Number of protein chains: 2
Amino acid sequence: MTDAHVGLAGQLARLPQRQVLSDDVYETVKGLIMDSVVEPGTRLNIDALTRELGISQTPIRESLARLESDGLVIKEPLRGYRVSSRLTRDEFDDLFEYRLHIEPWAAGRAAERSGADDLARLKAEMLSYTDVPDRPSYESYRAMAAHDQRFHDLVLELAGNETARLSFQRTHCHLHLFRLYYGGGIATKALREHKAVVTAVRKGDPEEAAAAMRSHIEASRARLRPIFDKSDPS
Amino acid sequence: MTDAHVGLAGQLARLPQRQVLSDDVYETVKGLIMDSVVEPGTRLNIDALTRELGISQTPIRESLARLESDGLVIKEPLRGYRVSSRLTRDEFDDLFEYRLHIEPWAAGRAAERSGADDLARLKAEMLSYTDVPDRPSYESYRAMAAHDQRFHDLVLELAGNETARLSFQRTHCHLHLFRLYYGGGIATKALREHKAVVTAVRKGDPEEAAAAMRSHIEASRARLRPIFDKSDPS
DNA sequence: TCCTCCAAGATCCTATAGGATATTGCGTAC
DNA sequence: GTACGCAATATCCTATAGGATCTTGGAGGA
């Protein structure tokens with residue numbers, strides 16, 4: 001509401017947005033964790049990071065503080081930071097239970113509220129990732145992961161509740177799930193399920209949208225759950 | 001699960017917990033914001049904070065980075081930090097819509113899952129704040145606010161879904177609501193509504209628990225909403 | 001063989017100084 | 001009277017150095 005009057009100056013000033021080292025470091029370390037370059041439990045040495053990145057401690061400390069707030073690293077006072085552990089089976093179940101509670105509801109809200117602009121954005125997002133390569137590669141996996149994250153975030157945004165959206169974003173669910181497993185063959189199915197959600201939203205049918213989203217999340221859970229059954233016997 | 005085997009040494013080592021300046025600063029600034037000592041929009045000058053608190057910049061910068069991650073302050077690169085604005089009417093509505101979606105569900109889950117230990121904890125929390133003073137004071141308001149926050153957090157914990165609990169905590173809803181309004185006369189009603197939730201949880205009746213929580217949140221919304229109708233004409 | 005103690009090393013935490021950037025006020029030109 | 005440009009100030013951002021703490025390795029004694 002206040003942003004509605006910023007005008008041209010405000011928009012130009014927003015172009016460079018945030019050109020601070022802290023943010024670059026934040027994204028860099030986040031990428032390292034997401035791509036499993038650093039394994040869970042790895043100690044993140046501040047001095048080592050200053051040498052490797054060629055910058056001072058301050059921006060690194062700020063980044064790590066934010067990453068801790070996100071739950072991606074853990075701070076042990078006077079000992080240092082460690083990369084937080086991967087999802088346990090319990091946490092995995094919790095996460096999907098939470099998603100099954102939030103996302104179908106959000107999809108239903110999106111179906112009720114979406115106007116022409118919103119539908120256009122959905123369509124654009126769907127078109128942004130159409131090419132499913134024959135053989136799975138790391139690059140295509142990352143592209144699919146990014147698209148999946150944007151899609152689910154967009155549904156939350158279209159639901160029109162910023163609190164719910166932020167709350168969902170802060171679970172960093174996609175990041176945690178991507179850390180879990182990196183492999184091909186799931187893109188095609190997920191895309192088809194996404195399309196079912198979009199179709200329902202376009203029709204403006206809340207119940208169908210919610211049902212489609214529920215099916216998608218349950219299918220996603222079923223695809224990922226075997227990871228635990230073969231690795232974590234608890 | 002891993003913590004189950006730490007033994008005495010681990011527990012003793014945990015006693016001092018976190019004795020770092022950053023955390024003290026974090027709690028201090030958080031308190032300043034919550035108690036409306038610093039108004040929304042106020043610039044938080046790092047240099048000034050170093051002088052007032054008598055410490056160096058580093059812990060302050062870490063605290064502010066975490067507070068920004070929490071959404072309590074806003075960082076404007078090369079300009080400084082500002083205290084984020086109070087809830088708008090739209091954000092207020094979003095927040096309560098979100099709570100109405102999450103908390104009754106959590107109360108129902110708590111009713112299904114709670115064992116004797118859990119019920120004892122609920123009872124203890126209820127007993128921790130029984131005295132409603134005749135005339136509302138700032139102290140009693142703070143006590144009631146803290147109890148209210150603990151109560152709702154406990155319900156989320158008893159629901160047995162850590163993801164949902166963290167996600168809910170990170171809305172900082174109580175903090176934002178307390179910033180909104182400071183006045184007496186709501187404690188008695190809120191306590192009575194809390195008791196209704198507890199009664200249903202003790203009976204192990206999910207639907208009654210969910211209904212009681214829903215009533216409580218709706219009543220809470222009705223108590224707070226007039227603030228907007230008289231101040232914010234949007 | 002095991003335990004205790006001590007010292008060296010590494011790491012984090014804090015403090016201070018210098019460079020870069022944005023804001024503010026004033027003077028000048030139109 | 002208004003608008004533009006420039007300089008001074010304040011603030012943030014970065015870098016480096018010193019103090020405090022924890023961990024690790026080995027030596028001595030029971």
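Just so it is clear: chains get the letters A, B, ... in the order the sequence lines come, proteins before strands, and each one is counted from 1. None of the values given here were measured: they were computed from a predicted structure.
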Roughly how many Å is it from [atom1] in [X] to [atom2] in [N], rounded to a whole number?
X	N	atom1	atom2	value
Leu64(A)	dT11(C)	CG	P	15 Å
Ile60(B)	dC12(D)	CD1	P	10 Å
Arg82(B)	dT11(D)	CZ	P	16 Å
Glu68(A)	dC12(C)	CD	P	14 Å
Glu76(A)	dC12(C)	CD	C1'	12 Å
Gln57(A)	dG18(D)	CD	P	14 Å
Arg61(B)	dT14(C)	CZ	C1'	14 Å
Ile55(B)	dT16(C)	CD1	P	12 Å

query: Nearest to the side chain of Ser56(A) - dA15(D), dT16(C), dC13(C)?
result: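 Of all the options, the side chain of Ser56(A) is nearest to dA15(D).
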Using the ring of Phe168(B) (Phe, Tyr or Trp, six-membered ring only), decide whether Arg165(B) places NZ or CZ under 6.0 Å from its centre and within 45 degrees of its axis.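 No, Arg165(B) does not lie over the aromatic ring of Phe168(B).
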I need the Ile102(B) CD1 to His152(B) NE2 distance, nearest 0.5 Å.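 These two atoms lie 14.0 Å from each other.
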Check: Can you tell me how far the CG atom of Leu87(B) sits from the CG atom of Leu177(B), to the nearest 0.5 Å?
Finding: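 The CG atom of Leu87(B) sits 6.5 Å away from the CG atom of Leu177(B).
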Per the under-4.0 Å heavy-atom filter, residues of residues 38-50 of chain A near DNA chain C come out as Leu44(A), Asn45(A), Ile46(A), Asp47(A)
So, are [X] and [Y] salt-bridged, with charged N and O less than 4.0 Å apart?
X	Y	value
Asp70(B)	Arg170(B)	no
Arg86(B)	Glu39(B)	yes
Arg225(B)	Asp93(B)	yes

